[in-house]
Amino acid sequence: MADKILSTHTVFMENRKELKITGVLQVIAYDEYKVVLRTDFGKMTVSGKNIVAGQMSTDSKTMELTGDINYIQYQANRGRSESGIAKLLR
């Protein structure tokens, strides 16, 4: 079964200081060093220093972050949901 794309997903970064993301479904975790988001294209991790979450709109599925962005990483959607043990072992 092919993955269904629910909305458009874009990432716009300016000078590694400002990040605007669309297609965000959920904020999974957040602190000043890392933000983990669930997007239509899988789990997205943004890592750096002094990360501050700005506006988050559930209507337009957008998120704004500022700080010193070091990397952006995706983990692909899985065909089925993880078991409880798999989540604990991460």
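You'll find the side chain of His9 reaches within 4.5 Å of the side chain of Ile21, heavy atoms only. In this structure, Thr62 and Gln55 have side chains that are not in contact, with every pair of non-hydrogen atoms separated by 4.5 Å or more. Side-chain atoms of Leu25 and Lys61, non-hydrogen and from C-beta on, do get closer than 4.5 Å to each other. Counting heavy atoms from C-beta on, the side chains of Arg16 and Met13 come closer than 4.5 Å. A 4.5 Å side-chain heavy-atom check between Lys34 and Ile51 finds every atom pair outside the cut-off. Counting heavy atoms from C-beta outward, Val35 and Leu19 have side chains that stay 4.5 Å or more apart.
Ile28 is not connected to Val11 by any chain of hydrophobic side-chain contacts under 4.5 Å among Ile, Leu, Val, Met, Phe, Trp and Tyr, and they are in different clusters. Tyr33 and Val36 sit in two unconnected hydrophobic clusters of ILVMFWY residues. Membership requires side-chain heavy atoms under 4.5 Å apart, directly or through other members.
Remark: Ser57 engages Ser60 in a side chain to side chain donor-acceptor pair (under 3.5 Å) (not counting sequence neighbours).
Put simply, CD1 on Ile69 and CD on Glu18 are 10.0 Å apart, with the number rounded to the nearest 0.5 Å. Rounding to the nearest 0.5 Å gives a distance of 10.0 Å between NZ of Lys43 and CD of Gln26. Distance check, rounded to the nearest 0.5 Å: CE of Met63 to OH of Tyr30 gives 7.0 Å. Note that CG of Leu37 and CG of Leu65 are 6.5 Å apart. Values are rounded to the nearest 0.5 Å.
Side-chain atoms of Tyr74 do not come within 3.5 Å of backbone N or O of Phe41 as any donor-acceptor pair. Not one N or O on the side chain of Ser47 forms a donor-acceptor pair closer than 3.5 Å with the backbone of Tyr71.
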